[in-house]
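A short write-up of the structure that comes next.
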Amino acid sequence: MNIYEKVVDNMEKKRQYNATLKDIAQKTGFTINTVSRALKDKDDISAPTKKLIREAADELGYVRDSIAGSLRTGFTKTIGVILGDVSNPHFSIMIKGIDKQAYKYKYNIIIFNTDEDETVELQSIRSSLSIKVDGIIICPTQKCAFNIDFLERTGIPFVLIGRKINRDRFNFVVMDDEAGGYIAAKHLIDNGHKRILTITGPQYISSAIDRTSGYKRALTENGIKIDNKLICETGIQSGACYKRLKNLIKNNLNFTAIFAFSDMIACEAIYTLNELGLSVPKDISIVGFDNIQEHMLLPVPLDTISAMNTRMPEVAVDVLIKTINTPTAVEKQQ
DNA sequence: TTTTAGTGTTGATGAGCGCG
DNA sequence: CGCGCTCATCAACACTAAAA
């Protein structure tokens with residue numbers, strides 16, 4: 001095959017791939033509109049015509065140009081999903097749930113990973129708007145209010161997931177983190193623990209605040225005095241807990257149990273304890289959060305908080321789609 | 001510099017046809 | 001004439017390369 005044949009071959013291949021409604025119309029003798037309607041299975045097109053057009057489309061290797069479609073309809077059938085850390089199983093499980101639910105509505109999702117960085121977060125919001133997603137599901141970094149304010153001002157439908165801001169104005173889908181914190185601490189108390197270390201997330205994150213206050217309530221209700229030394233705030237990025245916990249133990253902090261902000265932090269804590277010659281649960285008991293082992297088995301079974309965690313993605317998508325279809329509706333879910 | 005033409009798809013509207 | 005069925009015509013979407 002010489003260079004010219006190659007070019008022609010490529011052009012033909014490209015043409016095949018790029019077949020449009022126009023090509024099908026020419027091939028079948030119907031108008032472009034009829035072809036469009038036939039392929040969309042509209043009921044004002046007769047069955048024989050549909051069959052003919054579909055066959056022609058297959059033969060030409062037609063693939064719908066969704067960009068052109070969006071140009072016409074104003075919808076891209078795409079949801080932007082903006083999350084802090086997709087390498088955390090908690091979030092990847094969440095993504096899977098969102099995708100599965102979005103599929104039911106014939107929606108695609110596009111994922112943005114912010115690394116919990118507000119600058120990246122803003123860029124992700126901008127990119128989402130740029131590619132004209134119909135709506136956004138976002139787990140906000142909560143490091144500054146600007147990003148979400150900006151998002152609100154654009155008027156695009158969005159739903160917060162996992163973390164909440166300002167109950168009245170925004171749609172958010174969260175679990176009852178306060179209750180989760182309470183149950184976790186209560187569980188450890190019931191097992192005889194009085195010195196319970198909580199390794200919690202940064203206190204600008206709503207879920208961290210709520211879980212910590214649940215923890216405090218459990219202690220208070222059970223007559224245990226709150227020791228601020230046992231409330232350890234740490235970053236939620238990988239490695240943060242390891243350093244922090246190691247330090248605490250080296251400084252001889254006295255505790256018999258840990259309530260971790262997430263299962264990932266719990267895993268890191270177990271790793272750290274093992275490294276220091278302590279074993280779980282013999283020496284130290286641990287309760288995590290998120291129940292990731294429901295989706296992936298861990299080396300050691302982990303006591304953890306699940307609640308309605310697994311339904312959050314579903315609900316978030318439902319609420320978002322509803323908002324997209326009725327722009328004025330404001331919903332609140334918990 | 002401004003204007004035009006072109007991209008692919010589809011909702012709204014309308015027209016032709018056969019039948020009762 | 002009125003109706004249902006089937007398909008056609010038109011216009012618009014947001015942006016850009018090319019023409020004027």
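Side chains are part of it too, since the values below use all heavy atoms of this structure and drop only hydrogens, waters and symmetry mates. Lettering follows sequence order; numbering is per chain, from 1. For clarity, every value in this text was computed on a predicted model and none was experimentally measured.
Using a 4.0 Å cut-off, no side-chain N or O of A:T73 falls inside it from OP1 or OP2 of B:dT10. Distances shorter than 4.0 Å separate none of the side-chain N or O atoms of A:S46 from OP1 or OP2 on C:dC5. Taking side-chain N and O atoms only, A:R37 has no distance below 4.0 Å to OP1 or OP2 of C:dT6.
There is a side-chain donor-acceptor pair under 3.5 Å between A:Q101 and A:D318. A donor and an acceptor atom, one from each side chain of A:D134 and A:T76, are located under 3.5 Å apart.
Other residues, nucleotides and ligands place more than 12 heavy atoms under 6.0 Å from the CZ atom of A:F146.
A straight line from CG of A:L71 to P of C:dA11 spans 17 Å, rounded to a whole angstrom. Across the protein-nucleic acid pair, A:F30 atom CZ and C:dT9 atom P stand 13 Å apart, rounded to whole Å. The separation between A:F75 atom CZ and C:dA12 atom P is 19 Å, rounded to whole Å. As a whole-Å value, the separation of A:I67 CD1 from B:dT7 P is 16 Å. Following rounding to the nearest Å, A:I32 (CD1) and C:dA12 (C1') show an atom-to-atom distance of 14 Å. C:dC7 atom C1' lies 13 Å from atom CG of A:D43, rounded to whole Å. Computed from coordinates, the A:I131 CD1 to C:dC15 P distance equals 14 Å when rounded to whole Å. Spacing between atom NZ of A:K77 and atom P of B:dT10 amounts to 12 Å, rounded to whole angstrom units.
As judged by a 4.0 angstrom heavy-atom cut-off over every strand, A:G74 is placed among residues making no nucleic acid contact. Residue contacts shown for A:S66 are absent, as no nucleic acid heavy atom lies under 4.0 Å away. Counting non-hydrogen atoms under 4.0 angstrom, A:K42 reaches the backbone sugars and phosphates but no base.
When distances run from any side-chain atom of A:T31 to the nucleotides C:dC7, B:dT9, C:dT9, the shortest one goes to C:dT9. Closest to the A:S36 side chain, of the nucleotides B:dT10, C:dC7, C:dT9, is B:dT10. For A:N33, taking side-chain heavy atoms from C-beta onward, the closest of the listed nucleotides B:dT9, C:dT9, C:dC7 is C:dT9.
For A:D44 against C:dC5, a side-chain-to-base donor-acceptor contact under 3.5 Å is absent. For A:R72 against B:dG11, a side-chain-to-base donor-acceptor contact under 3.5 Å is present.
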I'd like a table of donor-acceptor pairs (distance under 3.5 Å, sequence neighbours excluded) in which one partner is a side-chain atom from residues 278-287 of chain A, with atom names and distances.
from, atom 1, to, atom 2, distance (Å)
A:D283, OD2, A:S279, N, 2.7
A:S285, OG, A:H193, NE2, 3.1

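Put simply, the side chain of A:E118 never gets that close to the backbone of A:K143: no donor and acceptor are under 3.5 Å apart.
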